[in-house]
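Reading through the structure tokens given below for one structure.
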Amino acid sequence: MIDVLYFAWVRERIGLPKEKIETSAATVAALVEELKAREERYEAAFADLSALRVAVDQELTDFDAPLAGAREVAFFPPMTGG
Amino acid sequence: MIDVLYFAWVRERIGLPKEKIETSAATVAALVEELKAREERYEAAFADLSALRVAVDQELTDFDAPLAGAREVAFFPPMTGG
Amino acid sequence: MSDQGGLRSGLRVVVQEAPFDFGAEAERFAAGRTDLGAVVTFTGVVRDVAGGLEGMEIEHYPGMTEKALTEIASEAQARWSLGEVLVIHRYGKMAAGDRIMMVATASAHRQHAFEAAEYLMDYLKSRAPFWKKESAGGDQSWVAAKDEDEAALDRW
Amino acid sequence: MSDQGGLRSGLRVVVQEAPFDFGAEAERFAAGRTDLGAVVTFTGVVRDVAGGLEGMEIEHYPGMTEKALTEIASEAQARWSLGEVLVIHRYGKMAAGDRIMMVATASAHRQHAFEAAEYLMDYLKSRAPFWKKESAGGDQSWVAAKDEDEAALDRW
């Protein structure tokens, strides 16, 4: 089980801020494929990965990052702080 | 007659902040030569012109600047504000 | 490195919903330090570019936000000679003209204080998990990240 | 361009002997402006590098000082898109830790606010008629201008 978090318009498209996912995906990209296969709203949210960023256990990383041992994965658009 | 002002260690070496000088010097450099010829303390203050800055009528300028029409000439070391 | 943010030697990171008192923070930052001759602050303010902004809301990623800001500030401390660093960033609802965030840097050398503040801002813009949503004309829209903000990181 | 300094559109230049209230100046600078998203301040503080500073005294050139600061600030306004500019510089006696001066810039773009503040500082250091004298161990000495400060002007 892994906590999956969504922020900003990713959260809005998927319709919830956080969920627990049962997965054996080896990488972030594999998890994304699993989610996209589930429902239309995931397909919509993950349509363009170049418009998305990902953090594993609260560290920014890439979509090919491994998920082994990860507790938390977060998906969100590019940040706009400051 | 022209007002001649001195600041910082130039003022200290010459021993006064301001004086009126009767001069027909055409340039700042010529005025400096006249002053140096007067007394030891001017000679000491103006010994190294590369260590000095000059303003004519409150605008920074060079030692070869003309004095025609000038009301005020000021001599001082490089600035150290901020 | 601490994962907690908050107070550490010479570094203070604050993430809060409430407004902060910029004047008071500026006044007390590095106050009385006799070894730091140069203090720089940067403040980000909610702009109303088109003139019809009804409000802005900033979402963030609790937990990661403090950690990311602390990492960015620690990297600045490693790169420049800094005596004090402060980062304050708000989330939640704001109005045009409100102060969103501030950074402050204090150093013995003005170039260090300036560069570190610019570095903090460049990384904070594109690497700290904040997202802005603007309300105008009854519509809400997420502010798009700017290519120039991403490009700004290349100089460091 | 005005020869008077003082208040002009978007520019305030203050030269005074009395301390200034940095927190209050920072608080009210560009306050409530909804068109300026980026505010930068720089503050210069009396340093006590060797640990024995008894005091500092700053001499200036009344009349020329305000004029020089106004010219420097006006040039910054011409080079960058600035909504507000503030320059405050003290003269007279100060102690270690005292604030000597501040500049503040406000712009729609953070790079403009940062660059203009750095420009103001670089020119103010070497082109505004202030001279610092330090007292330590019973001796007084004029602070020497640094080659690096003169060299800093080359980048503009």
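Order of the sequence lines fixes the chain letters, A, B, ..., with proteins taken first and strands second; residue numbering starts at 1 for each chain. As a basis for the values below, the full set of heavy atoms in this structure was taken, side chains included, without hydrogen atoms, waters or symmetry mates.
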- Message: Could you check whether C:Arg79 pairs with C:Glu75 (Lys NZ or Arg NE/NH1/NH2 to Asp/Glu carboxylate O, under 4.0 Å)?
- Response: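 Counted as a salt bridge, because a side-chain N and a carboxylate O are separated by less than 4.0 Å.
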- Message: Applying a heavy-atom distance below 4.5 Å, give me the residues of residues 104-120 of chain C that approach chain D, sorted by number.
- Response: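 Within residues 104-120 of chain C, the residues that come under 4.5 Å of chain D (heavy atoms only) are C:Ala108, C:Arg110, C:Gln111, C:Phe114, C:Ala117, C:Glu118.
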- Item | Proximity of residues 34-51 of chain C to chain D, residues having a non-hydrogen atom under 4.5 angstrom |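 Hits under 4.5 Å: C:Thr34, C:Asp35, C:Leu36, C:Gly37, C:Ala38, C:Val39, C:Val40, C:Thr41, C:Phe42, C:Thr43, C:Gly44, C:Val45, C:Val46, C:Arg47, C:Asp48.
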- Side-chain H-bond candidate by donor/acceptor type, C:Ser141 with C:Glu134, under 3.5 Å: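 Short answer, no.
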- Can you measure from NE2 (C:His89) to CD1 (C:Ile58) and round to the nearest 0.5 angstrom?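 Those atoms lie 5.5 Å apart.
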- Excluding sequence neighbours, so at least two apart, what forms side chain to side chain contact (heavy atoms under 4.5 Å, CB included) with D:Lys146?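 Checked D:Lys146 against side chain to side chain contact (heavy atoms under 4.5 Å, CB included); matches are D:Glu148, D:Asp149.
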- Applying side chain to side chain contact (heavy atoms under 4.5 Å, CB included), name anything that partners D:Glu27, two or more places apart in sequence or on another chain.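 Testing D:Glu27 for side chain to side chain contact (heavy atoms under 4.5 Å, CB included), a comparison that skips the adjacent residues, returns C:Asp21, C:Phe22, C:Arg99.
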- Query: Any idea which heavy atoms bring D:Gly10 and D:Gln77 closest together, and the distance?
  - Reply: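 That closest heavy-atom pairing would be O-NE2, 3.7 Å.
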- C:Tyr91 and C:His60 aromatic ring geometry - parallel, tilted or perpendicular at 30°/60° bounds: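 Ring orientation, 0 to 90° scale: parallel.
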Verify, without hydrogens or angle tests, whether [X] (side chain) and [Y] (backbone) share a donor-acceptor contact under 3.5 angstrom.
X       : Y        : answer
D:Gln16 : D:Pro19  : yes
D:Glu54 : D:Gly138 : yes
D:Arg90 : D:Glu17  : yes

- Task: Can you tell which part of C:Asp122 gets under 4.5 Å to a heavy atom of chain D, answering side chain, backbone, both or neither?
- Result: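 The answer is both parts of C:Asp122.
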